[in-house]
Amino acid sequence: MNVDALTDALTGLYPAERLLRQPGELAPYESDALTAFRVRPVAVVIPETQSEVIATVRLCHQHEVPFVARGSGTSLSGGSLPVKDGIVIALNRLNRIVKLDPRERIAVVEPGVINLDISKAAAPYDLHYAPDPSSQQICTIGGNVAFNSGGAHCLKYGMTSNHILGIKAVLPDGEVVQLGGESTEGVGPDLVGLFVGSEGLFGIALEVTVRLLPRPQQYHTLLAAYQTLEAAGEAVTHVVASGLLPGALEIMDRLAIQAAEAAVHPNYPNGAEAVLIVELEGEPEQVAEETKRLEQVIAASGAYDVRVAQDAADRQRIWKGRKSAFSAVGRLSPDYIVQDGVVPRSRLGEALAEIRRLGEHYGIRVANVFHAGDGNLHPLILYDGREAGALERAEKLAGEILQLCIRFGGSITGEHGVAMEKRDYLPHMYSQIDMDVMWQLRCSMDPGQIANRGKMFPSSMHSCGMPPALHFTGPHPLERAGVISRE
Amino acid sequence: MGTTYHPSTFEDVQAAVRECARLVLRGGGTKPALCTPSGDAEILDLSGLCGVVEYDPGEYTFTALAGTRVATVQTLLAAHGQYLPFDPPMAAQGATLGGTVAAGLSGPGRYHYGGVRDFILGVRFVDGNGQVVRGGGKVVKNSAGFDLPKLMAGSLGQFGALVELTFKVFPQAAAFTTVQQRCPTVEAAVEALYRVYTARLDIDSLDLVPGADGSANVWVRLGGLPAALPARAGHIRALLGGGDVLDGADESPMWNDAREFGWVSPGWSLVKVPITPRRITELEAALASIQAMGRYSGGGNVAWIATSAPVQAFDRLLSSLELPGLVILGPPGLARIGARTGQAFERRVKAVFDPAGRLPSF
């Protein structure tokens with residue numbers, strides 16, 4: 001590894017204002033939305049063209065220096081946490097919409113394009129880009145691709161991966177590949193599918209072809225209030241059993257509702273232990289028929305207050321409460337950890353009861369906001385980082401919730417990715433053979449492990465070749481070694 | 001002629017992979033171009049590895065052994081008002097789940113919610129080293145680890161023999177109706193297709209079927225609650241400038257015929273060609289130079305080309321158009337034809353899963 005030689009070479013590639021090396025300039029890049037972790041990189045480069053990205057990756061490969069690609073830094077799992085002695089490749093300026101073909105319903109975009117900007121560009125043609133993570137106003141498509149981001153509409157429309165048709169990428173050793181194309185169909189293995197969600201370990205997407213969908217003509221957005229969280233969960237089971245396929249099925253518990261009320265005043269019903277948001281969408285005639293069925297199901301579900309959005313502003317208000325829930329929780333607590341484990345839908349009630357029990361056991365408040373339709377939980381574990389031992393207790397509780405998701409037959413992450421945050425839990429979900437195979441895949445794409453080093457795989461899996469036996473207890477080894485720190 | 005293995009357990013599959021120098025994988029045998037050995041390869045017939053392992057309708061998921069027939073699963077799902085949204089082709093002929101995934105095939109209904117790659121959640125396979133590898137999970141949403149389930153869609157057994165699969169399913173539409181409009185030319189039909197393709201409507205299937213006389217039909221299928229269907233069909237007719245509305249027994253056979261490839265002349269090859277609507281006219285024109293028939297499905301995103309021409313000739317034709325192709329029906333030996341992308345990436349994957357080259361290569 002030769003960091004100095006790399007930075008010298010980068011000087012030839014970038015003007016001073018796009019090669020950051022001063023501590024003050026580097027500070028904003030030290031962490032992402034998982035703020036508990038913080039690492040200062042050696043340098044940050046800000047490429048403006050694809051060829052600059054390729055040249056940078058080739059230099060990193062040549063000098064064996066690790067790099068981390070970064071968009072807007074919204075990863076909740078520490079996906080864009082820098083590596084000490086490595087560089088950050090900040091992709092925000094690589095943000096051209098290369099092509100938007102409304103007839104073919106595709107857009108070709110660079111990785112720094114903001115998620116919502118694709119839908120904005122497509123709106124004049126009555127099209128949109130369907131995946132809608134809560135951070136869609138700032139998160140970039142490159143990050144969405146790396147982490148297979150989700151959102152509130154995944155049950156019906158799928159995740160990021162289901163909307164990506166083609167990727168031009170630079171692999172960590174500098175080879176440029178074109179995966180997929182413009183069609184929704186392909187021949188041969190789904191290489192695009194493998195690249196999406198690879199958490200930056202296979203290199204950097206330079207150009208992404210996304211499919212656009214026609215915007216639904218009509219929405220029917222309903223908010224139902226319940227006296228217990230379990231009753232709201234039961235209602236979801238009944239909606240699903242009725243044969244309806246809503247675009248969204250979301251639940252917020254009392255604590256999350258309080259936070260949302262304090263922050264954005266969505267005016268949810270008073271005294272609710274839980275609210276359920278159900279959204280039907282599509283052609284007016286079909287929505288009208290589905291609404292009749294939904295009303296019957298909700299009427300029988302024990303909701304004590306049911307509100308239906310009367311217009312677009314009403315609908316926006318309901319969604320604003322939901323989409324701002326994460327940031328709103330900041331009003332209840334100085335710090336919090338967001339989790340995104342998944343459980344089978346039929347075990348939602350059990351899982352929530354268990355989370356409540358764990359919260360009481362640890363004496364920690366947990367707010368719940370979740371994609372009920374696909375069993376994707378978002379417990380927000382509230383703590384005060386200034387209190388001694390509070391973060392450790394919160395992390396311990398978070399770990400127990402992940403174990404619970406695995407025990408129930410679910411997953412440790414539905415849409416945020418493994419990255420730093422959950423890397424020591426991945427081996428709990430998969431066997432040693434599964435882990436080894438994934439590791440070998442990583443090494444086949446990146447023998448020197450320079451792309452997003454340290455993410456997804458547990459800390460014990462270091463050099464290429466057969467990994468050593470896994471162990472996952474105690475503090476993070478990098479932390480122990482003083483390489484990373486938290487605040 | 002080599003041995004044929006008939007495994008009934010994962011261990012049997014592992015043993016066969018470890019024993020053989022070169023294997024051809026076969027499920028229901030409905031796609032002979034992909035599962036017929038040429039040379040000294042031995043056959044691993046996975047059709048005995050069958051049965052549904054887990055199905056809870058409330059979860060919208062099921063898990064089954066890979067040799068399970070698609071038709072068996074469809075019957076089970078239908079009893080609970082559910083279906084496989086990617087509309088697997090060749091089910092009536094005995095296609096298996098594993099074969100459908102490995103070939104990466106979806107039927108006309110894939111237009112609505114996505115193809116086979118969009119509905120596969122979890123996978124277990126025996127790789128070229130004889131190990132059982134698991135990827136993905138059993139819940140509808142999961143982003144932990146590399147997405148090996150998607151990688152298996154279309155993999156043609158190159159990375160492993162699929163042994164168990166988990167899928168996401170959806171509630172089946174209560175009723176269907178189809179609007180069929182005849183257009184005087186393919187160009188006019190493509191324009192009509194675009195009008196439907198870009199409209200703010202929920203379409204189940206959208207196919208373009210050229211006729212022998214230069215005309216072409218556009219088929220638009222709608223699914224949903226019966227009370228809404230007549231009005232919705234009216235919107236489609238308005239977009240198409242008319243058209244026949246077909247219901248029930250008048251419409252389901254045409255879609256069955258499409259997904260079973262009943263329209264392909266016996267003895268002809270059948271090739272899947274990913275495409276976009278923009279290139280339909282160009283491909284149709286190119287087909288005029290050989291004896292071939294094309295159909296365009298999934299909103300014009302896939303062409304199914306039946307041809308009596310030698311596969312080599314069709315390979316050249318596709319290459320000249322820079323289009324990829326997969327031979328489904330036809331002689332073995334040349335399955336992936338035409339243009340290719342991503343080889344460098346694919347080679348790296350192959351080297352991990354099958355370093356000794358025991359599994360098929362396409």
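What's counted below: heavy atoms across the whole structure, side chains too, no hydrogens, waters or symmetry copies. In this text, all values refer to a predicted model and were calculated from it rather than measured experimentally. Below, chain A is the first sequence line, B the second, and so on; all start at residue 1.
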For a 4.5 angstrom cut-off between non-hydrogen side-chain atoms, does B:L201 reach B:I236? yes

Counting only non-hydrogen atoms closer than 4.5 Å, does B:F170 touch chain A with its backbone (N, CA, C, O), its side chain (CB onward), both, or neither? side chain

Test A:T160 against A:N144 for side chain to side chain donor-acceptor pair (under 3.5 Å), laying out the working first. CA-CA 7 Å; A:T160 296; A:N144 291 177; 4.9 Å; no

Heavy-atom contact with chain A under 4.5 Å, split by part of B:A199: backbone

Between the side chains of A:D436 and A:Y430, is a donor N or O closer than 3.5 angstrom to an acceptor N or O? no

Tell me, side chain or backbone of B:R279 under 4.5 Å from chain A's heavy atoms, or both, or neither? neither

With chain B, which of A:G158, A:P214, A:G180 has the greatest number of heavy-atom pairs at distances under 4.5 Å? A:P214

What part of A:L426 gets within 4.5 angstrom of chain B, counting heavy atoms only: side chain, backbone, both, or neither? side chain

Quick check against the 3.5 Å criterion: does A:D126 have a side-chain atom that pairs as donor or acceptor with the backbone of B:R200? no

Quick one: which of A:F202, A:F147, A:F195, A:Y157 has the most heavy-atom pairs under 4.5 Å with chain B, could you say? A:F202

Value for CE (A:M438) from CE (A:M461), rounded to nearest 0.5 Å, stands at 8.0 Å

Chain A heavy atoms under 4.5 Å from B:V273: which part of the residue, side chain, backbone, both or neither? neither

Contact origin within B:H235 toward chain A - heavy atom pairs under 4.5 Å: side chain

Is B:E191 in contact with chain A via its backbone, its side chain, both, or neither, using a 4.5 Å heavy-atom distance? side chain

Identify which of A:L171, A:T237, A:I412, A:I106 forms the greatest number of heavy-atom pairs closer than 4.5 Å to chain B. A:L171

Would you say B:K272 and B:V327 make side-chain contact, with heavy atoms under 4.5 Å? no

Judged by atom type as modelled, is there a donor-acceptor pair below 3.5 Å linking the side chain of A:K156 to the main-chain atoms of B:Y113? no

Correct closest heavy-atom pair for A:C405 and A:L377 would be SG-CD1, 4.2 Å

Suppose a student defines contact as a heavy atom less than 4.5 Å from any heavy atom of chain A. Which residues in residues 148-159 of chain B would they list? B:L148, B:K150, B:L151, B:A153, B:G154, B:S155, B:Q158, B:F159

So is A:R347 actually on top of A:F408's ring, under 6.0 Å and inside 45° of the axis? yes

Go through the atoms of B:L326 and report whether side chain, backbone, both or neither lie under 4.5 Å from a heavy atom of chain A. both

Mind ranking A:A288, A:P344, A:G166 by heavy-atom pairs under 4.5 Å with chain B and telling me who comes out on top? A:P344

Quick check: does any side chain N or O of B:D127 sit under 3.5 Å from a backbone N or O of B:G160, one acting as donor and the other as acceptor? no

Where does B:F362 contact chain A at under 4.5 Å (heavy atoms): side chain, backbone, both or neither? neither

Apply side-chain hydrogen bond (donor to acceptor under 3.5 Å, both in side chains) to B:T166 and list each qualifying residue two or more places apart in sequence or on a separate chain. B:T63

Is the terminal nitrogen or CZ of A:R345 (NZ for Lys, CZ for Arg) located under 6.0 angstrom from the six-membered ring centre of B:Y60 and within 45° of that ring's axis? yes

For chain A, which of B:T341, B:N129, B:L229 has the most heavy-atom pairs under 4.5 Å? B:T341

Residue among B:G58, B:G114, B:A102 with most heavy-atom pairs under 4.5 Å to chain A: B:G58

Not counting sequence neighbours, which residues clear side-chain hydrogen bond (donor to acceptor under 3.5 Å, both in side chains) with B:T61? List them please. none

So do the side chains of A:S149 and A:P131 get within less than 4.5 Å of each other, counting heavy atoms only? no

Does any backbone or side-chain atom of A:L212 lie under 4.5 Å from a heavy atom of chain B? Answer side chain, backbone, both or neither. neither

Can you see whether B:T276 engages A:E104 through a side-chain donor-acceptor pair at a distance of less than 3.5 angstrom? yes

Applying a strict 4.5 Å limit to non-hydrogen atoms, the region of A:V437 in contact with chain B is both

Assess, by modelled atom type and distance only, whether the side chains of A:N148 and B:S143 contain a donor and an acceptor separated by less than 3.5 Å. no

Non-hydrogen atoms of chain A under 4.5 Å away: do they reach the side chain of B:A144, the backbone, both or neither? both

Who wins among A:L245, A:D374, A:D190, A:L191 for the most heavy-atom pairs under 4.5 Å with chain B? A:D190

Checking heavy atoms, do the side chain of B:E59, its backbone, both or neither come under 4.5 Å from chain A? both

State yes or no: are the ring centers of A:H378 and A:H416 separated by less than 6.0 Å? yes

Using a 3.5 Å distance criterion without hydrogens, assess whether the side chain of A:S183 forms a donor-acceptor pair with backbone atoms of B:I275. yes

Looking only at heavy atoms, which two atoms of A:M435 and A:P458 are closest? And how far apart? CE-CD, 3.7 Å

To the nearest 0.5 Å, what is the distance between CD on A:Q217 and CG on B:D202? 8.5 Å

For the interface with chain B, which of A:G243, A:S161, A:P102 has the highest count of heavy-atom pairs at distances below 4.5 Å? A:S161

Strictly less than 4.5 Å between heavy atoms, which residues of residues 115-122 of chain B line up against chain A? Please order them by number. B:R117, B:D118

